[in-house]
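Numbered from 1 within each chain, the chains take letters A, B, ... in sequence-line order. Computed from a predicted model, the values in this text were never measured in an experiment.
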Amino acid sequence: MEKTVRLNLKGSPPVEVSAQGLNGFEALKALSTDNMEKMAAIKINGEIKDLSAEINSSAQIEPVYTTSEEGLQIVRHSAAHVMAEAVKDLFPGVKVTIGPAIKDGFYYDFDYERRFEAKDLPDIESKMAEIIDKDLAFIRSEVPREEAIDLFKAQGEPYKVELLEDLSEEKVSIYRQGNFTDLCRGPHVPSTGKIKAFHLTNVAGAYWKGDEHNAMLSRIYGVAFADQESLDAHLKNLEEAKKRDHRLLGRQLDLFTIRDDVGPGMVIFHPNGAMLRHILEEFMIREHLKRGYELAQGPQLLKTELWKKSGHFDHYGEHMYFTSVEDQSYGIKPMNCVAHMLIYSSKLRSYRELPKRYFELGTVHRHERSGVLHGLIRARQFTQDDAHILCTHEQLKGEIKSILDFVRDIMAIFGFDYHLEISTRPTKSIGTDEDWERAIHALIESVEEHNLPYQINEGEGAFYGPKIDVMLKDALERSWQCATIQCDFALPDRFDLTYVGADGEKHRPAMIHRVILGSIERFLGILIEHYAGAFPVWLAPVQSIVLTITDRNIPYGEDLSKTLFGAGIRVETDFRNEKLSFKVREAQMKKIPYMLVVGDKEMETGHVTVRLRDGRNLPSMSPGELIDRIRGESEKRR
RNA sequence: GCCAGCGUAGCUCAGCAGGCAGAGCAACUGAUUUGUAAUCAGUGGGUCGGGGGUUCGAUUCCCUUCGCUGGCUCCA
């Protein structure tokens, strides 16, 4: 008797069909699903499979379209295979390695006698288009691992062989389209013709298996979307995002410069930029004092002996700057912790004093590798809103939780979304297993009690303890570590920090390093991109500008600007002999929130006409009303 | 640090199969006294990132070095 299976599709009545030769495609057809053309794959009992996957028992099925995020990932992965085929075709002798789907697109890493260049991309794209036109089927097969090793050896693909040798599975899946066979878990779209819109974006070097001791491969990046419109929209978005680049806005808004002749990674803040960071720093000092932190301030240079004692010399020395004076070696601080340890140890501490929270806007220097510098976001000199908390082990979790509250409150003010990453013990580290366990638990429990989602980065912790990193995104959606909370059981030990407990005995305190903004420079960089340079009134280095119509209005304009300045409002003037439209345009490009127009009419009434940055005009108002408005907005931090 | 690309006026960029270095904006000078995103005219401005080489001649080709951009690695 013929076997039948029952297929369930959400929103349709179940269907009984013959199991003979039934696959995903046939099953969806049997249920007369719409849009077969846009089908990338199928979910069988929630598991994503090729459309060609066999179905031999009753199942819940669901189509996966190329327009969905899951479907797009499959399209992108398939595009990577097509690119690999095109590259193998154009560059005989090239060796393939890995090629996954990533956000918005895909990449594939190749090993070839020369590096690929941007000018190779159009040829590769054309060849890919040919392969797509042929609408070649992606054919999955499962083979014993040993057989796959022989297959890739025969094809002269040592990287694939290496990958296979590291696998423990007995059977592996391989996919073939046209002349190209790849080791791959899948799934894939049914045929190359499903790839409707792609573009190769750039080439880059990448180490095999992400290890800098391995060979440098040639990586080609591409993007792929369900249709040409989505691809065009994505490319346009990228162009728009590039206009928010803080390095570009930094010049346009006259915030800062970074110059070759000063040194890479060293920032010069111009008055507007310096005002911006002053506002931010003052704000952060107040927020810390409110939460029971005490101000501290350490020196910029500390004797090298001290850096040896703290462990920085051994573990971080290659990133430090050293200098020598009167035969005495000094190191410029790359971190602020040492002075804070010395403040703690300057006298005998009682458990009644704990926790101690030392806060410093500490400027540090770190010799970052040249290739990683990135405007304000990755600099060699920067200032941290840094604090070190010394507490009992019992207080540790409570302190971590209140830091998470602090982070949440501050990020809400700026309107930042963030995600958390918890890093565990690296191979090169110090401290006892017990200390590490205890610290990691405190971190994880605190995050979980806040109901915050997080990811774990195994082995990514600092050498002295585990950490929680708070990640923010820049205009191009790249993630950067800003706030960080790091446990440290090493430094209290090295500096022999103690407190006298209720039992009259000496105990070792626990310690937390933490920053909220992270680096003021980095945070500013992200902030500039976040607001696209149009800072809210409370942050705007210039809050208002007085624009005169004719020279007759200058004395009145002077009075107005003095009144505003006296009320604590940051005001500039533009009394030049130019047309109003010209002055408005310039103020607009400087993204000044309040443009204050004064002409004969305003002089008569003693009022001011206000144009906002968004183009709106407010009814004319008295200087007093204007001051109230700007102050009110600043207080609300809008 | 590694891979690829790029360094021309204050800024954005053109130019160059090797033959006296250009535009727009900005700056400066003058005219204009102006009502919500660019008034007009004129003037000055460059060791073509630095060093070396090839050449009669290099901004252009080659080497090297510094820096920048995008990745990779790193990121206490």
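Side-chain to base pairing of A:R552 with B:rU33: no donor and acceptor N or O lie closer than 3.5 Å to each other. For A:R378 against B:rC74, a side-chain N or O and a base N or O form a donor-acceptor pair under 3.5 Å. Remark: the A:Y207 side chain and the B:rG1 base include a donor-acceptor N/O pair separated by less than 3.5 Å.
Summarising the base pairing, B:rG5 is matched to B:rC68 through a Watson-Crick or G-U wobble pair whose two defining distances lie under 3.5 Å. B:rG24: Watson-Crick or G-U partner is B:rC11, with both key distances under 3.5 Å.
Note on ring orientation: taking the six-membered ring where Trp is involved, the planes of A:H312 and A:W307 are perpendicular (angle over 60°, cut-offs 30° and 60°). Taking the six-membered ring where tryptophan is involved, the planes of A:H288 and A:Y293 are perpendicular, since the angle between them exceeds 60° and thus also 30°.
Checked against B:rU33, B:rG71, B:rA38, the side chain of A:M216 finds its nearest nucleotide in B:rG71. Among the nucleotides B:rU36, B:rC74, B:rA4, the one closest to any side-chain atom of A:N617 is B:rU36. Across B:rU69, B:rU36, B:rG71, the shortest atom-to-atom separation from the side chain of A:R247 is found for B:rU69. Distances were taken from every side-chain heavy atom of A:R611 (C-beta onward) to each of B:rC74, B:rA37, B:rA38; the shortest belongs to B:rA37. Of the candidate nucleotides B:rU36, B:rU39, B:rG67, B:rU39 has the atom nearest to the side chain of A:K579.
At a threshold of 4.0 angstrom between heavy atoms, the contacts of A:G615 with the nucleic acid are absent. Across all strands shown, A:E578 has heavy atoms under 4.0 Å from base atoms, whether or not it also approaches the sugar-phosphate. Backbone-only engagement by A:S581 is indicated by non-hydrogen atom pairs under 4.0 Å involving sugar-phosphate atoms exclusively. Among the protein residues, A:Y221 comes within range of the sugar-phosphate backbone only, with heavy atoms under 4.0 Å from sugar or phosphate atoms but none that close to a base. A:K583 comes within contact range of no nucleotide atom at all, as no heavy-atom separation falls under 4.0 Å. Backbone-only contact: A:E117 has heavy atoms under 4.0 Å from sugar-phosphate atoms and none from a base. At a threshold of 4.0 angstrom between heavy atoms, the contacts of A:E602 include nucleobase atoms, whether or not backbone atoms are also involved. Contact annotation for A:A206: backbone-only contact, meaning every heavy-atom pair under 4.0 Å involves sugar-phosphate atoms and none involves a base. Counting any heavy atom pair closer than 4.0 Å across all strands shown, A:R369 reaches a base atom.
The minimum heavy-atom distance between A:D385 and A:G518, with the atom names listed, is OD1-N, 3.0 Å.
Comparing A:I258 and A:H315, the nucleotide of RNA chain B nearest to each residue sits closer to the 5' end for A:I258. Between A:G210 and A:G599, the one whose closest nucleotide on RNA chain B sits nearer the 5' end is A:G599.
At the phosphate of B:rC75, neither OP1 nor OP2 sits under 4.0 Å from any side-chain N or O atom of A:H374. Close to B:rC72, at under 4.0 Å from its OP1 or OP2, lies no side-chain N or O of A:R478. Contact annotation: A:R219 side-chain N/O to B:rC3 OP1/OP2 distance is not under 4.0 Å. Distances shown here put every side-chain N or O of A:R366 at or beyond 4.0 Å from the OP1 or OP2 atom of B:rC74.
Between A:E305 and A:K303 no salt bridge is recorded (no basic side-chain N to carboxylate O distance below 4.0 Å). Look at A:R438 and A:D435 and you find a salt bridge, because one of the NZ, NE, NH1 or NH2 atoms lies within 4.0 Å of a carboxylate O, short of that distance.
Note that CD1 of A:I528 and CG of A:L376 are 5.5 Å apart. Values are rounded to the nearest 0.5 Å.
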